[in-house]
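In what follows, a structure is listed as structure tokens, so that the remarks can point back to it.
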Amino acid sequence: MNQPSKDLKVQKPKVESYDIAKSDETMHLAVDLAKFIKENRLYQNIQGKEYVNVEGWQYAGSRLGILPVVEHVVNISTDDELKYQAKVNLLDLRSQQVVGAGFAICSNKEQGKKYYQEFAIASMAQTRAIGKAYRNILAWIIRAAGYEPTPAEEMDYSGNEPAKTAKNPAVPTEKKATMRASEVAATADKEVAEAPSTSVRYASAKQKEEIIRLLNNPVITRQEKTKMLLNINRFDEERAAQAIDKLKKVIEEREDGQSAAA
């Protein structure tokens, strides 16, 4: 009677992901991706076009077993400008090979970022680099899902407004620009609140791989898996270790519950 439960325990969960080399699998991913992005509103509507937030790109990458690893965040500021450059590599968990990379820069000279604190500038550079890295290899999948193949974080929202002329004061446009600036500020506030210090050691590729392995255990719900995948790149080494310990404990408790029920 207890043998099936014992067998269940020794099964090693596999990383559930699509294969980017197989077009039929990636098209299935595009359908899944379109639904996931829409349900979780992981996109921005800019001038009638929909651009996916970096969290949506991360989700697509995680379903392919491809995770971002921050190589560096470098301070290239001058006396009158806060400016950071970031580089992110993409690691294929199956082959343990780097399959892509992305560079990005963020400056407080950009429109809407004049009063950003230094760590927020550094964090945005990193966020953009993640989106850029994924864009370089997954743009066609995002396009197949029905969205623009440019990460929302790369778009200069306010800069997309047409220039105003003396003959046409365009008051409605000013109102729209103000609303858009408010939306960007709200997003920035959220990112600043969540962004880690640039001195923090980010979670290693091995820690991320272990988290994904544990998340693919059948006892972990889809909602739990999705929530952690969306935040995995914000984990430092300590938070990643805590997440791994917590997942192991939850899995053990749930599997023990299943054994008792059997």
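Excluded from the calculations below are hydrogen atoms, water molecules and symmetry mates; all remaining heavy atoms, backbone and side chain alike, are included.
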| remark: dist Leu247:CG -> Gln242:CD (nearest 0.5 Å) comes out at 12.0 Å

| task | Output yes when a side-chain donor or acceptor of Gln207 lies under 3.5 Å from a complementary backbone atom of Ser204, and no otherwise. | result | yes

| request: List, by chain and number, the other hydrophobic cluster members for Ile105, where Ile, Leu, Val, Met, Phe, Trp and Tyr join if side-chain heavy atoms come within less than 4.5 Å, directly or indirectly. | output: Val74, Ile76

| task | Can you see which heavy atom on Pro149 is nearest to which on Ile142, and at what distance? | result | CA-CG2, 4.5 Å

| query | How long is the gap from CD1 on Ile211 to NZ on Lys206, to the nearest 0.5 Å? | reply | 14.5 Å

| task | Identify the heavy atoms of Ala145 and Ala30 that sit nearest to each other, and give their distance. | result | CB-O, 3.5 Å

| query | Between the side chains of Glu71 and Asn89, does any donor sit under 3.5 Å from an acceptor? | reply | yes

| Gap between atom CG of Leu91 and atom CG of Leu93 - 0.5 Å precision | 5.5 Å

| message | So, taking the atom named CD in Glu55 and the one named CG in Leu42, what distance separates them when rounded to the nearest 0.5 Å? | response | 6.0 Å

| task | Measure the CG-NZ distance between Asp245 and Lys249 for me, rounded to the nearest 0.5 Å. | result | 10.0 Å

| Under-4.0 Å salt bridge between Arg213 and Glu210 | yes

| Are Thr78 and Lys83 side-chain neighbours, meaning at least one heavy-atom pair lies under 4.5 Å? | no

| note | Between Pro151 and Gly131 the two heavy atoms that sit nearest each other are CG-O, 3.4 Å

| Arg128 and Cys106: CA distance, side-chain angles, deciding distance, side-chain contact (heavy atoms from CB on, under 4.5 Å) verdict | CA-CA 8 Å; Arg128 287 177 175 173; Cys106 185; 3.9 Å; yes

| query | Would you say Ser123's side chain and Phe119's backbone share a donor-acceptor pair under 3.5 angstrom? | reply | no

| task | Report the C-alpha separation of Leu214 and Ile220 in whole Å, then their side-chain angles, then the decisive distance to 0.1 Å, and conclude whether the side-chain contact (heavy atoms from CB on, under 4.5 Å) test is met. | result | CA-CA 8 Å; Leu214 293 170; Ile220 300 298; over 6 Å; no

| Heavy-atom side-chain contact between Glu153 and Lys132 under 4.5 Å | no

| query | Side chain of Tyr134, backbone of Ile66: donor and acceptor closer than 3.5 Å? | reply | yes

| said: Tell me whether the rings of Tyr59 and Phe36 are parallel (<30°), tilted (30 to 60°) or perpendicular (>60°). | reply: parallel

| remark: Residues pairing under salt bridge (Lys or Arg N to Asp or Glu O under 4.0 Å) where one sits in residues 133-144, two or more places apart or in two chains, turn out to be Arg135-Glu154, Arg143-Glu148

| Is there a donor-acceptor pair closer than 3.5 Å between any side-chain N or O of Asn75 and the backbone N or O of Ser77? | yes

| message | Count I, L, V, M, F, W, Y as connected when their side-chain heavy atoms are under 4.5 Å apart, and connections chain through other members. Are Phe103 and Leu67 then in the same cluster? | response | no

| Is the backbone N or O of Arg239 less than 3.5 Å from a side-chain atom of Asp236, with the two atoms forming a donor-acceptor pair by type? | yes

| query | Can you name the closest pair of heavy atoms from Ala133 and Leu90 and give their distance? | reply | O-CD1, 3.3 Å

| field | Closest approach of Lys38 to Tyr147 (non-hydrogen atoms, all atoms of both residues) | value | N-OH, 3.7 Å

| request: Verify, without hydrogens or angle tests, whether Trp57 (side chain) and Val52 (backbone) share a donor-acceptor contact under 3.5 angstrom. | output: yes

| field | Evaluation steps, side-chain contact (heavy atoms from CB on, under 4.5 Å), between Val69 and Val98 | value | CA-CA 9 Å; Val69 178; Val98 173; over 6 Å; no

| Closest approach of Asn53 and Arg41, non-hydrogen atoms and distance? | ND2-O, 4.2 Å

| message | Test your reading of the model: is there a side-chain donor-acceptor pair from Glu110 to the backbone of Ser107, 3.5 Å cut-off? | response | yes

| task | Please round to the nearest 0.5 Å and tell me the distance separating atom CD1 of Ile121 and atom OH of Tyr84. | result | 9.5 Å

| All salt bridge (Lys or Arg N to Asp or Glu O under 4.0 Å) counterparts of Glu253, not counting sequence neighbours | none

| said: I'd like to know if the side chain of Asn108 pairs up with that of Glu118 as donor and acceptor (distance under 3.5 Å, no hydrogens or angles considered). | reply: no

| Backbone of Ile212 reached by a side-chain donor or acceptor of Asn216 within 3.5 Å | yes

| Between Lys113 and Met124, does a side-chain contact (heavy atoms from CB on, under 4.5 Å) hold up when you go through it step by step? | CA-CA 10 Å; Lys113 294 181 175 58; Met124 178 55 77; 4.3 Å; yes

| Heavy atoms, side chains only, cut-off 4.5 Å: are Asp80 and Lys109 in contact? | yes

